[in-house]
Colleague: 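Okay, here's the structure, questions in a sec.
Convention: sequence-line order gives letters A, B, ...; per-chain numbering from 1. Below, all heavy atoms of this structure are taken into account, side chains as well, without hydrogens, waters or symmetry copies.
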There are 2 protein chains.
Amino acid sequence: MSAQPRTARGTRTRAKLLEAAETVFASVGYHEASIVKITEGAAVGLGTFYLYFDGKQAIFDEVVEDLNRRVRHAMTDAARSATNRIEAERAGFRAFFRFTAEHPALYRIIRQAEFVSPGALRLHYTRIVDGYIAGLKAAQLNGEVRDMDPTVAAWALMGIGELIGMRWVLWDEEGTEPVPGARPDVPEDVFEEMMQFIERALAPGATPHAPTPAGSIPPQEGKAP
Amino acid sequence: MSAQPRTARGTRTRAKLLEAAETVFASVGYHEASIVKITEGAAVGLGTFYLYFDGKQAIFDEVVEDLNRRVRHAMTDAARSATNRIEAERAGFRAFFRFTAEHPALYRIIRQAEFVSPGALRLHYTRIVDGYIAGLKAAQLNGEVRDMDPTVAAWALMGIGELIGMRWVLWDEEGTEPVPGARPDVPEDVFEEMMQFIERALAPGATPHAPTPAGSIPPQEGKAP
DNA sequence: AGCAAACCTGAAAGGTGATTCATGTTACGG
DNA sequence: CCGTAACATGAATCACCTTTCAGGTTTGCT
């Protein structure tokens, strides 16, 4: 059975192991990640690992928990200073992409959780989605967001962020030298396109019209007299 | 080195192995999936595996390739009979969710490809996205879809389908008896909400206005005289 | 300084699983 | 119906990993 550290030294060692584990899981994946690699990364003896963790699965769960907490913090912190829903959305996504750029481990680790720790996977997604739902509900009361099921919208937003982040942050990141402070984020124009997409999806106003026949005059938008 | 079968018997055996591999990968994951489990699933001797595949990674790649081909077929087949973009979108997503419900292996296997076979992962996503892009471009020429970067929209759509499918098809599916013909799809109301979201995001028409203060009159939409 | 308690260590036990290969079986053209 | 190429098999080999543990080191308290 693993134990909590009881001195400053122990606390440091445990933290070193967690950090090394995040790096190793992210770079070679859960199964290729051996305890030996983790302890080497932490510059610690092999046996030391078992002083603080029950095994590979246990430390994996903690890494997921930790990443989840950090990404949610980054998002809510960024959104806090916004004065309306659109701003909050923009700030939240910006923070999410920045976090992704700085911690590619998030994606790479979460994806593996599917099999390694399904419970952790669900907790990760539902926690983030719950944040969205709360924000959307509040914005609905303001009339900033149309009448809709916030749960469905929240999962849709989550999906948009997830794949756009994967495509433009993770995939484009490769080959980039890890110069601190110079990490590539989502390009500005892609970000704007995405926000347009989201704003239109959430904006109050009339339902889009029946398909407009090519070349015809767009339907009147004015209300009845 | 593996070889292609040269007789009917060999072809059958190889197919049995592929099918068993899909099942095993989906149910226990890549790393827990041993060659022994696969050959047992295929009712074939252990050594037989190496007649047709170079190893675990090789058969995994083929399984991904196969699933990708099948899901794209399902989607384009369904979309073919649509007469406009909205219908095509609906039909495509329906088909995607149905496929997901019938082959949960798709998700579960793709997620692992991140580490097992990154190339296969990218190919999977980009192929599907390319289909979306083509459809969106065509619809833009018709005026059915607003002027926008189809690539960004395509990834956004992909993300929406991915997470909504995960949440309502995969997660809700658990505990469901696998009665053929009675697989749970995305609930109707969730599907409608999602389509609303998408239609508004893609619809032509004025940009959503600056945040409307609660209760105020929406800004005029008419153009200057 | 002296002494617990906490911490650290790496060799070794005990498993697991991928892959090979020598040998046996089946299919089929001539 | 014979011979040969294709196919099938699973015991054995090899490589690697998790986890334990007996014994050393450091820390912090008095």
Side-chain angles (χ1 to χ4, degrees), chain A residues 1-63 109 112-113 115-117, chain B residues 1-64 109 112-113 115-117 120:
Chain A
M1 197 58 200
S2 75
Q4 288 300 113
R6 223 151 292 191
T7 70
R9 178 166 61 138
T11 306
R12 268 198 315 276
T13 302
R14 192 176 197 281
K16 277 196 293 180
L17 282 167
L18 264 178
E19 199 187 319
E22 181 183 317
T23 306
V24 175
F25 284 142
S27 70
V28 303
Y30 181 80
H31 285 277
E32 296 300 304
S34 61
I35 306 298
V36 176
K37 281 176 186 151
I38 293 174
T39 52
E40 275 173 359
V44 144
L46 174 54
T48 306
F49 177 88
Y50 292 92
L51 288 178
Y52 301 111
F53 302 96
D54 284 339
K56 203 154 71 144
Q57 158 100 21
I59 199 174
F60 182 86
D61 284 358
E62 268 198 54
V63 168
I109 287 178
Q112 314 187 61
F115 284 97
V116 176
S117 183
Chain B
M1 196 61 199
S2 75
Q4 288 299 112
R6 223 150 292 193
T7 71
R9 179 165 63 139
T11 306
R12 268 197 316 275
T13 303
R14 193 176 197 281
K16 278 196 292 180
L17 282 166
L18 263 179
E19 199 187 320
E22 180 183 319
T23 306
V24 175
F25 284 141
S27 70
V28 303
Y30 181 80
H31 285 279
E32 296 301 303
S34 61
I35 305 298
V36 175
K37 281 177 186 149
I38 293 174
T39 52
E40 275 174 358
V44 145
L46 172 54
T48 306
F49 177 87
Y50 292 91
L51 287 178
Y52 301 110
F53 302 96
D54 283 339
K56 203 154 70 143
Q57 157 99 18
I59 199 175
F60 182 85
D61 284 358
E62 269 200 53
V63 169
V64 170
I109 288 178
Q112 312 187 65
F115 284 97
V116 177
S117 184

Colleague: In whole Å, I'd like the distance from the CD atom of A:Q57 to the P atom of D:dT18.
Modeller: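 Taking CD of A:Q57 and P of D:dT18, I get 13 Å after rounding.
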Colleague: Quickly work out the B:L51 CG to D:dA6 C1' distance and round it to whole Å.
Modeller: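 For the pair B:L51 CG and D:dA6 C1', the rounded distance is 9 Å.
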Colleague: What's the verdict on side chain to side chain contact (heavy atoms under 4.5 Å, CB included) for A:F49 and A:I59, showing C-alpha distance, side-chain angles and the deciding distance?
Modeller: CA-CA 10 Å; A:F49 177 88; A:I59 199 174; 3.7 Å; yes
Colleague: Report, as yes or no, whether the 6.0 Å neighbourhood of atom CD on B:E62 holds more than 12 heavy atoms from other residues, nucleotides or ligands.
Modeller: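 Atom CD in B:E62 is packed in, count exceeds 12.
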Colleague: Starting at atom NE2 of A:H31, determine the distance to atom P of C:dA18, rounded to an integer number of angstrom.
Modeller: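 In whole Å, C:dA18 P lies 12 Å from A:H31 NE2.
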Colleague: Heavy atoms under 4.0 Å is the rule here; annotate nucleotides 20-30 of chain C 5' to 3' with B where the base is hit, S where only the sugar-phosphate is, and - elsewhere.
Modeller: B-----BS---
Colleague: Do B:Y52 and B:L18 have side-chain heavy atoms sitting under 4.5 Å apart?
Modeller: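 Not touching, per the 4.5 Å side-chain cut-off.
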Colleague: Which residue, A:V44 or B:Y30, contacts DNA chain C at a nucleotide closer to its 5' end, judged by nearest heavy atom?
Modeller: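 Of the two residues, A:V44 wins.
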Colleague: Out of C:dT9, D:dC7, D:dC17, which has the shortest distance to the side chain of B:R6?
Modeller: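 The listed nucleotide nearest to B:R6's side chain is D:dC7.
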Colleague: Could you tell me if the side chain of B:I35 sits less than 4.5 Å from the side chain of B:Y50, heavy atoms only?
Modeller: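 With C-beta onward as the side chain, the pair touches.
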Colleague: When the distance from NZ of A:K37 to C1' of D:dT18 is rounded to whole Å, what number comes out?
Modeller: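 Computing the A:K37:NZ to D:dT18:C1' distance gives 14 Å.
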Colleague: Can you figure out which of C:dC7, D:dT18, D:dT9 approaches the side chain of A:I35 most closely?
Modeller: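 It is D:dT18.
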Colleague: If you look at every heavy atom in B:A120 and B:V64, which pair is closest and at what distance?
Modeller: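 Minimum heavy-atom separation between B:A120 and B:V64: CB-CG1, 3.9 Å.
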Colleague: Return the value, rounded to whole Å, for the distance between atom CZ of B:F49 and atom C1' of D:dC7.
Modeller: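 Rounded to the whole Å, the gap is 16 Å.
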Colleague: Whole angstroms only, please: what is the CZ-C1' distance between A:F53 and D:dT20?
Modeller: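 So the CZ-C1' distance, A:F53 to D:dT20, works out to 18 Å.
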Colleague: With heavy atoms under 4.0 Å as the rule, sort B:A33 into base, sugar-phosphate or nothing.
Modeller: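 It contacts sugar-phosphate atoms only.
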Colleague: Give the rounded distance in Å between these two atoms: CD1 of A:I38 and P of D:dT18.
Modeller: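 Result: 8 Å.
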Colleague: Of all residues at least two apart in sequence or in a different chain, which pass the side chain to side chain contact (heavy atoms under 4.5 Å, CB included) check with B:Q57?
Modeller: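 With sequence neighbours excluded, B:Q57 shows a side chain to side chain contact (heavy atoms under 4.5 Å, CB included) to B:Y30, B:D61, B:V116, B:S117, given in chain and number order.
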Colleague: Once you round it to whole Å, what is the distance between P of C:dA18 and CD1 of B:I59?
Modeller: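 Spelled out: CD1 on B:I59 to P on C:dA18 is 12 Å.
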Colleague: Could you grab the distance from atom CD of A:Q112 to atom CZ of B:F115, nearest 0.5 Å is fine?
Modeller: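 If we round to the nearest 0.5 Å, A:Q112:CD and B:F115:CZ are 4.0 Å apart.
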